[in-house]
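To keep things clear, I will list the structure first and then write my remarks on it.
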Amino acid sequence: MDDNRKVVIVGAGFVGTSLAYSLLNQGTVDELVLVDINKDKTIGEEMDLSDGLPYSPHKMNIKAGSYKDCKNADIVVITAGLNQKPGQSRLELAVENAKIIKDITKNVMENNFKGIFIVATNPVDLMSYVVLKSSGLPKSRVIGSGTVLDTARLRYLIAEYLEVSSKNVHAYILGEHGDSSLVPWEHCYIGCKKMTDIMEESNLPMEDLKKIHDKVWNAAYEIIEKKKATYYGIGMALNRLIKAIFNDENAILTVSTYQEGEYNQEGIYIGVPAIINRQGVKDILKLKLNKRDQEKFNHSCEIMKENIKKSIEDLL
Ligand code: NAD
């Protein structure tokens with residue numbers, strides 16, 4: 001990577017433009033290119049976003065572009081494709097979105113892309129698998145946004161519940177970015193104290209933990225019911241991921257990454273805590289899950305394996 005931090009966003013819809021707005025507000029990149037089948041939309045977005053430049057913290061070049069821009073891009077973020085309708089699960093989008101994602105990956109790679117893919121399109125664990133297989137890139141350079149948003153929601157809700165800063169909540173959502181996700185509560189810390197110890201000492205009912213996870217689980221459905229789509233949260237989460245890459249942070253974020261036995265699972269993408277730096281995924285943080293959590297994690301992985309067979313294998 002040279003000094004010019006260049007990001008291409010493929011898919012200038014709600015999620016793509018929320019990411020663009022977040023990058024602009026936080027001055028995360030030097031060059032931002034928007035690509036979409038709807039070319040007019042990218043031109044409109046370029047104009048609208050550029051109007052904010054005099055008030056942004058960093059000089060930035062924003063343009064409506066094409067796949068040719070991927071040649072010297074550091075990061076391509078895929079946010080294109082169908083989103084959930086009210087009541088629809090993410091997995092129901094698999095077949096249609098897999099075709100779109102395969103096509104996009106091909107277009108990016110044909111332009112000699114040498115950077116890192118970040119995938120946000122749902123079902124994100126399956127779509128990341130599609131990008132890995134159709135790009136031929138090493139697994140470190142194909143990152144799914146995974147449970148990075150779910151984890152942010154979890155930290156926010158725990159922070160509200162215990163009245164502490166969300167920055168001091170160290171808790172992770174693992175597994176599918178979807179209905180089979182899990183929280184390994186034994187590994188949840190407030191500062192350096194176990195959350196379950198705090199609950200016990202404060203006589204707080206342990207059933208509340210399930211209620212917190214249920215709220216996270218239900219959040220996307222509720223938001224989609226009320227406003228049709230979710231986008232600000234994921235826009236901020238993707239921005240955080242991009243910063244971790246450009247700043248070579250070695251930050252721990254719960255992304256979707258390819259499994260090779262780290263959690264006794266292999267051959268799928270799934271959300272686990274991973275160390276993110278300029279190379280992409282540097283390593284996976286291996287938590288010792290208790291029997292019950294490992295079973296839940298295995299269940300989530302089985303769903304991924306079934307769906308790869310059912311919706312994706314034939315396409316690749
Ligand atoms: P949207 O409909 O607003 O935007 C999708 C965009 O993709 C549109 O502008 C469309 O023209 C474009 N597009 C479609 N096919 C394309 C192709 N072949 N090439 C280029 N562009 C193409 O949808 P949205 O709300 O922005 O959601 C996008 C995706 O992000 C959905 O799959 C949604 O489920 C997902 N999402 C993921 C998370 C997460 O946490 N990972 C959160 C929210 C939404």
Side-chain angles (χ1 to χ4, degrees), residues 6-24 28-29 31-49 62-71 73-85 88 90 92-111 113 115-132 134-135 137 141-146 148-149 177 220 223-224 227-242 245 255-256 269 315:
K6 178 173 180 179
V7 168
V8 174
I9 299 176
V10 183
F14 283 121
V15 174
T17 53
S18 297
L19 167 62
Y21 189 55
S22 184
L23 295 171
L24 173 64
T28 311
V29 301
E31 201 177 340
L32 173 64
V33 181
L34 300 171
V35 177
D36 198 291
I37 38 168
N38 184 347
K39 182 77 188 173
D40 268 356
K41 173 94 162 68
T42 58
I43 296 168
E45 297 295 354
E46 173 198 314
M47 293 167 70
D48 196 5
L49 287 162
I62 303 169
K63 70 165 193 177
S66 72
Y67 285 105
K68 289 202 175 82
D69 287 287
C70 298
K71 187 173 168 21
D74 301 298
I75 298 173
V76 167
V77 189
I78 305 183
T79 56
L82 306 177
N83 60 12
Q84 293 162 268
K85 307 279 171 296
Q88 195 178 27
R90 296 174 180 92
E92 289 173 63
L93 305 170
V95 176
E96 283 312 307
N97 277 350
K99 289 182 208 148
I100 295 174
I101 299 309
K102 186 185 172 196
D103 195 43
I104 289 171
T105 308
K106 183 171 149 273
N107 289 331
V108 173
M109 295 311 295
E110 275 174 5
N111 282 281
F113 176 57
I116 294 171
F117 272 109
I118 296 178
V119 186
T121 302
N122 277 320
V124 71
D125 305 291
L126 296 176
M127 295 308 109
S128 309
Y129 180 89
V130 172
V131 175
L132 181 86
S134 31
S135 67
L137 289 177
R141 284 166 53 199
V142 178
I143 310 174
S145 61
V148 82
L149 171 62
H177 168 58
I223 299 169
I224 289 167
K227 57 172 272 193
K228 304 266 191 285
T230 77
Y231 36 92
Y232 298 132
I234 183 64
M236 298 276 290
L238 292 168
N239 186 6
R240 175 69 193 94
L241 194 48
I242 291 169
I245 294 170
V255 294
S256 190
Y269 263 74
L315 189 81

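With contacts defined as side-chain heavy-atom distances shorter than 4.5 Å, the pair Ser22/Leu238 does not qualify. Inter-residue side-chain proximity for Asn83 and Asn122 is flagged as unmet; no heavy-atom pair is nearer than 4.5 Å. Looking at Met109 and Leu137, their side chains come closer than 4.5 Å, going by heavy atoms from C-beta outward. Ile118 places none of its side-chain heavy atoms less than 4.5 Å from the side chain of Val142. In this structure, the side chains of Thr230 and Phe14 stay at 4.5 Å or more apart for every pair of heavy atoms. You'll find the side chain of Val8 reaches within 4.5 Å of the side chain of Val35, heavy atoms only. Between Val7 and Ile242, the closest side-chain pair of non-hydrogen atoms falls below 4.5 Å. Residues Thr79 and Val10 fail the side-chain proximity criterion, which asks for heavy atoms closer than 4.5 Å.
Atoms CD1 and NZ, from Ile101 and Lys106 in turn, are 14.0 Å apart once rounded to the nearest 0.5 Å. Atoms CG and CD, on Leu82 and Gln88 in that order, are 8.0 Å from each other to the nearest 0.5 Å. If you take CD1 on Ile9 and CG on Leu19, they are separated by 4.0 Å, rounding to the nearest 0.5 Å. The CD atom of Glu31 sits 9.5 Å away from the CG atom of Asp74 when rounded to the nearest 0.5 Å. To the nearest 0.5 angstrom, Leu93 atom CG is 6.0 Å from Gln84 atom CD. Taken from CG in Leu149 to CG in Leu241, the straight-line distance is 12.0 Å, to the nearest 0.5 Å.
Judged purely by atom type and a 3.5 angstrom limit, Lys39 uses its side chain to pair as donor or acceptor with the backbone of Gly65. Side chain of Lys63 to main chain of Glu46: no donor-acceptor pair is present (N/O by atom type, distance under 3.5 Å, no hydrogens or angles). Counting only distance, with no hydrogens or angles, the side chain of Asp69 and the backbone of Ser66 share a donor-acceptor pair below 3.5 Å. Side chain of Lys102 to backbone of Leu315: a donor-acceptor contact under 3.5 angstrom is found. When atom types are taken as modelled, the side chain of Ser128 and the backbone of Ile143 share no donor-acceptor pair closer than 3.5 angstrom. Side chain of Asn111 to main chain of Phe113: no donor-acceptor pair is present (N/O by atom type, distance under 3.5 Å, no hydrogens or angles).
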Audit row: Ile75, Ile245, side-chain contact (heavy atoms from CB on, under 4.5 Å) steps and yes/no: CA-CA 9 Å; Ile75 298 173; Ile245 294 170; 3.9 Å; yes
Chi angles and distances behind the side-chain contact (heavy atoms from CB on, under 4.5 Å) call for Lys41, Thr17: CA-CA 10 Å; Lys41 173 94 162 68; Thr17 53; 4.1 Å; yes
Test log, rule side-chain hydrogen bond (donor to acceptor under 3.5 Å, both in side chains), inputs Asn239 and Thr28: CA-CA 8 Å; Asn239 186 6; Thr28 311; 2.8 Å; yes
side-chain contact (heavy atoms from CB on, under 4.5 Å) assessment of Tyr269 paired with Leu126: CA-CA 7 Å; Tyr269 263 74; Leu126 296 176; over 6 Å; no
Stepwise side-chain contact (heavy atoms from CB on, under 4.5 Å) test for Phe117 and Val108: CA-CA 10 Å; Phe117 272 109; Val108 173; 3.5 Å; yes
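Scanning both residues, Thr121 and Met127, for their nearest heavy atoms gives O-CG, 3.4 Å. The nearest pair of heavy atoms linking Cys70 to Val76 is SG-CG2, 3.9 Å. Taking each heavy atom of Ile100 and Gly81 in turn, the nearest pair found is CD1-CA, 4.0 Å. Residues Leu34 and Thr42 share a closest heavy-atom pair of O-CG2, 3.7 Å. Scanning all heavy atoms of the two residues, the minimum distance from Val130 to Ala98 falls at CG1-O, 4.0 Å. For the residue pair Ile104 and Ala80, the shortest heavy atom distance occurs at CD1-CB, 3.5 Å.
Because its NZ or CZ atom is both nearer than 6.0 Å to the ring centre of Tyr231 and within 45° of the ring axis, Lys227 counts as a cation-pi partner of that residue.
Under the 4.0 Å criterion applied to side-chain N and carboxylate O atoms, Asp125 and Arg90 are not assigned as salt-bridge partners.
Heavy-atom neighbours of Tyr21 OH from other residues, nucleotides or ligands within 6.0 Å: at or below the threshold of 12. Counting heavy-atom neighbours within 6.0 Å of Lys71 NZ, excluding the residue itself, gives a total of 12 or less.
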